[in-house]
Amino acid sequence: MNKKTIIRTLEKIALYLELRGENPFKVSAFRKAAAALEGDERSLAEMDDVTKLKGIGKGTAAVITELVETGVSSVLVELEEQTPKGLIPLMKLPGLGGKKLAKLYNELGIDSAEALQAACEEGKVQQLAGFGAKTEEKILKELANFGTRAERLPIWQLEPVVLEIETLLQSIVEVESASVAGSFRRVKETSKDIDFIVATSAPQAVREQLLASLPVLEIVAAGDTKISVVLDKEEPVSVDFRLVTLDAYASALHHFTGSKDHNVRMRQLAKSMNQKISEYGVEQEDGSVVTFDSEEAFFAHFNLPFIPPTVRESGNELERLEELSQLASRADIQADLHMHTTWSDGAHSVAEMGEALIAQGYSYSVITDHSQYLKVANGLTPARLQKQRVEIDAFNEANGQFRLYAGTEMDILPDGSLDFSDDVLKELDFVIASIHSSFSQPQEQIMARLEAAMTNPYVHMIAHPTGRIVGERPGYDPDVKTLIEWAKAYDKILELNANPYRLDLAVEHLQYAMELGVKIAINTDAHAIDQLRFMDLGVRYSQKAWVKKELIVNTWTKEQFEAYIRRNK
DNA sequence: GCCGTTTTCGGCCCGACTGTTTTCAGTCG
């Protein structure tokens with residue numbers, strides 16, 4: 001019995017209890033037990049006594065033991081027998097929770113979406129106590145687009161929307177301060193909606209301008225402090241705005257950045273100090289409310305260092321405070337080691353990219369256009385590579401301290417050979433190897449290709465090591481653990497590709513890379529100047545895996561970097 | 001259901017919004 005199955009079973013039990021209208025604290029006890037298991041890195045076999053974990057007691061431990069010994073949970077089986085299957089998906093219908101669904105089932109026998117629709121159309125629902133005509137109408141409306149809207153959207157779909165809204169907020173004079181919050185600010189790979197915190201003393205004016213300027217598909221709620229809309233984008237995007245006064249801004253930003261578990265931990269901490277955290281500030285024992293100029297000041301109030309949004313997840317981050325200073329921030333980044341120009345499939349010239357890199361504040365970077373195999377991307381032959389080098393040299397002569405290195409993003413071919421000979425590679429400053437073809441090969445073949453790159457003395461880095469697209473495709477299925485072990489053995493760099501389509505390596509793999517002390521490079525893979533902005537996203541994503549600054553190659557100085565790239569020459 | 005240096009009962013993070021209510025329950029984040 002694996003741990004994941006046990007975690008899922010506990011969560012299922014919680015869901016069923018919720019559907020029966022059970023005590024919410026009992027429901028959350030099962031979820032907490034699941035979270036406690038998930039948050040512990042040990043395997044089940046390594047734990048001698050699960051009840052030692054905080055959140056697991058007699059009841060949940062009995063479920064776990066039974067699962068380990070028999071493979072089934074009698075508690076869950078019984079719940080499943082007593083609850084109609086059709087009710088489960090209805091939990092996702094906005095506005096309906098366990099209590100209401102329990103009532104609909106108990107009093108009207110509603111056990112499916114179809115039955116619910118029929119009951120609403122017959123006007124039976126509005127006759128129930130606690131329900132009314134509006135509820136019935138809302139249920140019908142939600143049933144109409146039930147299942148048609150994506151539950152969570154990938155970060156690359158949300159990022160441009162966030163940029164657009166940020167620009168709009170900056171143009172509204174009544175907005176004193178504003179920031180995105182929620183899971184997007186924590187750089188989660190997918191989000192259910194986008195949250196914004198807006199400081200203003202004129203909420204009505206801000207509300208009017210937002211509603212007038214945004215492509216609103218639907219207004220879900222529009223109160224004095226909260227506006228909730230669905231925007232008309234490729235996929236409908238839910239956006240929440242919280243309007244607060246400037247003195248409550250830092251507290252609200254913290255509160256709505258979450259995560260939920262992080263907030264719970266913070267509130268418990270406050271409570272132990274006889275204080276109370278709300279989104280408006282921190283209430284003291286005497287009833288007065290302290291507010292803060294910044295999130296830094298908020299954390300300092302509890303004698304904590306600033307905890308970056310990206311690590312505010314399980315609550316365990318409060319146990320890892322001493323590691324926070326080892327995390328990288330955007331200001332630590334000296335270089336971007338992977339990008340394209342008009343020589344292959346990029347939108348800007350070498351000189352234009354160079355200027356933009358200097359404007360980013362970098363002290364060096366590498367131009368890495370595609371290699372000859374990738375014809376669709378106008379990949380470079382050895383001859384064109386030489387011509388490009390002349391252009392790069394000219395740029396360097398004209399630009400003093402900043403150094404642009406000549407590199408390549410070389411394809412690893414389907415047959416396991418590399419796209420350039422060693423004679424070509426050794427002339428280059430920096431060699432990236434990557435896979436862009438034959439994704440569906442069996443794992444052994446993919447690994448043989450990667451091994452060819454790993455063992456070549458002139459290759460420095462493997463780019464986007466799994467080829468995944470966030471929320472779209474899993475990639476080419478390498479044995480990532482082995483790949484990371486090779487990177488350690490052959491002293492190669494693995495990329496954290498910062499493009500929101502990729503975020504590759506993913507957090508779980510970065511964590512293993514950290515265990516082994518493998519070097520990581522955070523690169524934008526920019527095909528145009530405006531994509532250089534993804535560096536910030538990549539750096540913050542690295543924080544989620546607690547990647548150490550010293551292992552991030554592009555935080556190194558130019559001299560350190562040169563020492564590494566010349567090591568085999 | 002879980003937890004405990006206010007410890008075996010009584011609380012469990014907190015507040016906004018909505019719709020249903022004449023003071024609150026349910027849902028959501």
Under the salt bridge (Lys or Arg N to Asp or Glu O under 4.0 Å) rule, collect the residues that match up with A/Lys58, sequence neighbours excluded.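 Salt bridge (Lys or Arg N to Asp or Glu O under 4.0 Å) list for A/Lys58, sorted by chain: empty.
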Does A/Lys32 have any salt bridge (Lys or Arg N to Asp or Glu O under 4.0 Å) partners at least two apart in sequence or in another chain, and if so, which?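 Checked A/Lys32 against salt bridge (Lys or Arg N to Asp or Glu O under 4.0 Å); zero matches.
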Taking [X] first and then [Y], would you say they form a salt bridge - that is, a charged N and a carboxylate O separated by under 4.0 Å?
{"X": "A/Glu495", "Y": "A/Arg502", "result": "no"}
{"X": "A/Glu319", "Y": "A/Arg265", "result": "yes"}
{"X": "A/Arg533", "Y": "A/Asp536", "result": "no"}

[atom1] gap between [N] and [M], integer Å:
{"N": "B/dT27", "M": "B/dT20", "atom1": "C1'", "result": "13 Å"}
{"N": "B/dC14", "M": "B/dC9", "atom1": "P", "result": "24 Å"}
{"N": "B/dC12", "M": "B/dC17", "atom1": "P", "result": "23 Å"}
{"N": "B/dA16", "M": "B/dT21", "atom1": "P", "result": "23 Å"}
{"N": "B/dG19", "M": "B/dC2", "atom1": "P", "result": "37 Å"}
{"N": "B/dT8", "M": "B/dC3", "atom1": "C1'", "result": "10 Å"}
{"N": "B/dG29", "M": "B/dT23", "atom1": "P", "result": "30 Å"}

Separation of atom [atom1] in [X] from atom [atom2] in [N], rounded to whole Å:
{"X": "A/Leu79", "N": "B/dG1", "atom1": "CG", "atom2": "P", "result": "11 Å"}
{"X": "A/Phe131", "N": "B/dG19", "atom1": "CZ", "atom2": "P", "result": "14 Å"}
{"X": "A/Arg31", "N": "B/dC2", "atom1": "CZ", "atom2": "C1'", "result": "16 Å"}
{"X": "A/Phe256", "N": "B/dG29", "atom1": "CZ", "atom2": "P", "result": "11 Å"}
{"X": "A/Glu142", "N": "B/dT18", "atom1": "CD", "atom2": "C1'", "result": "13 Å"}
{"X": "A/Leu243", "N": "B/dA16", "atom1": "CG", "atom2": "C1'", "result": "12 Å"}
{"X": "A/Phe241", "N": "B/dG29", "atom1": "CZ", "atom2": "P", "result": "16 Å"}
{"X": "A/Lys226", "N": "B/dA16", "atom1": "NZ", "atom2": "P", "result": "11 Å"}

So does [Y] get a backbone contact from the side chain of [X], meaning a donor-acceptor N/O pair under 3.5 Å?
{"X": "A/Asp504", "Y": "A/Gly467", "value": "yes"}
{"X": "A/Thr310", "Y": "A/Val187", "value": "no"}
{"X": "A/Ser213", "Y": "A/Gln209", "value": "yes"}
{"X": "A/Thr524", "Y": "A/Leu532", "value": "no"}
{"X": "A/Asp332", "Y": "A/Ser329", "value": "yes"}

So what does A/Leu53 hit on the nucleic acid, given a heavy-atom distance under 4.0 Å: a base, only sugar-phosphate, or nothing?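 Sugar-phosphate: the residue A/Leu53, judged by heavy atoms under 4.0 Å, touches backbone atoms but no base.
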Assign A/Ala252 to base, sugar-phosphate, or nothing according to its heavy-atom contacts below 4.0 angstrom with the strands shown.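 Touches nothing.
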Between [range] and DNA chain B, which residues have a heavy-atom gap below 4.0 Å?
{"range": "residues 86-100 of chain A", "value": "A/Leu93, A/Pro94, A/Gly95, A/Leu96, A/Gly97, A/Gly98, A/Lys99, A/Lys100"}
{"range": "residues 106-128 of chain A", "value": "none"}
{"range": "residues 203-222 of chain A", "value": "A/Ala221, A/Ala222"}
{"range": "residues 174-192 of chain A", "value": "A/Lys192"}
{"range": "residues 298-312 of chain A", "value": "none"}

A/Ser28 or A/Leu101, whichever maps to the more 5' nucleotide of DNA chain B: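 Of the two residues, A/Ser28 wins.
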On DNA chain B, does the nearest nucleotide to A/Gly130 precede the nearest nucleotide to A/Ala61 from the 5' side, or the other way round? Give the residue.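 Per heavy-atom nearest nucleotide, the more 5' residue is A/Ala61.
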Quick one: which residue pairs count as a salt bridge (charged side-chain N to carboxylate O under 4.0 Å, His left out) with a foot in residues 119-135 of chain A, not counting sequence neighbours?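 Applying salt bridge (charged side-chain N to carboxylate O under 4.0 Å, His left out) to every pair that reaches into residues 119-135 of chain A, excluding sequence neighbours, yields A/Glu122-A/Lys124.
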Counting only heavy atoms not in A/Asp293, do more than 12 fall under 6.0 Å of its CG?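 At most 12 heavy atoms, drawn from other residues, nucleotides or ligands, come within 6.0 Å of this atom.
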Dump the intermediate steps for side-chain hydrogen bond (donor to acceptor under 3.5 Å, both in side chains) on A/Asp525 and A/Asn497, then the final yes or no. CA-CA 7 Å; A/Asp525 195 358; A/Asn497 192 296; 3.1 Å; yes
A/Tyr280 side chain N/O closer than 4.0 Å to the phosphate oxygens (OP1, OP2) of B/dC14?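 The answer is no; no side-chain N or O of A/Tyr280 sits under 4.0 Å from OP1 or OP2.
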Mate of B/dT8 where both pairing distances stay under 3.5 Å, Watson-Crick or G-U: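 Pair assignment: B/dT8 / none.
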Carefully, step by step, assess A/Glu66 and A/Ser74 under the rule side-chain hydrogen bond (donor to acceptor under 3.5 Å, both in side chains). CA-CA 8 Å; A/Glu66 192 189 1; A/Ser74 51; 2.9 Å; yes
Each nucleotide N or O in nucleotides 9-13 of chain B that has a protein N or O under 3.5 Å away: list the pair and distance.
{"residue": "B/dC12", "atom": "OP1", "partner": "A/Lys271", "partner atom": "NZ", "Å": "2.7"}
{"residue": "B/dC13", "atom": "O2", "partner": "A/Arg267", "partner atom": "NE", "Å": "3.2"}
{"residue": "B/dC13", "atom": "O2", "partner": "A/Arg267", "partner atom": "NH1", "Å": "2.4"}

side-chain contact (heavy atoms from CB on, under 4.5 Å) partners for A/Val68, two or more places apart: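 A/Ile6, A/Leu44, A/Ile64.
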List in chain and number order the residues that pass side-chain contact (heavy atoms from CB on, under 4.5 Å) with A/Lys85, two or more places apart in sequence or in another chain; answer none if no residue qualifies.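 Once residues adjacent in sequence are excluded, the partners of A/Lys85 under the side-chain contact (heavy atoms from CB on, under 4.5 Å) criterion are A/Tyr16.
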When the ring planes of A/Trp156 and A/Tyr501 are compared, do they come out parallel, tilted or perpendicular, using 30° and 60° as the limits?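 Answer is parallel, since the angle falls under 30°.
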Mind checking whether A/Phe196 and A/Phe241 have parallel, tilted or perpendicular rings, split at 30° and 60°?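 Rings of A/Phe196 and A/Phe241: parallel, under 30°.
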In sequence, state the C-alpha distance, the side-chain angles, and the governing distance for A/Thr245 and A/Asp247, and then conclude on side-chain hydrogen bond (donor to acceptor under 3.5 Å, both in side chains). CA-CA 6 Å; A/Thr245 56; A/Asp247 59 346; 2.6 Å; yes
Among B/dC17, B/dG1, B/dG29, find the nucleotide with the atom closest to the side chain of A/Asp195.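 For A/Asp195, the side-chain atoms sit closest to B/dG29.
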Nearest to the side chain of A/Ser278, heavy atoms from C-beta on, is which of B/dC2, B/dG15, B/dT20?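 Selected nucleotide: B/dG15.
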Taking the side chain as every heavy atom from C-beta outward, state whether A/Phe131 and A/Leu104 have any atom pair closer than 4.5 Å.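 In short, these two side chains touch, coming nearer than 4.5 Å.
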Scan for side-chain hydrogen bond (donor to acceptor under 3.5 Å, both in side chains) pairs involving residues 198-208 of chain A, sequence neighbours excluded, and state none if there are none.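 Pairs touching residues 198-208 of chain A that pass the test: A/Glu176-A/Ser201.
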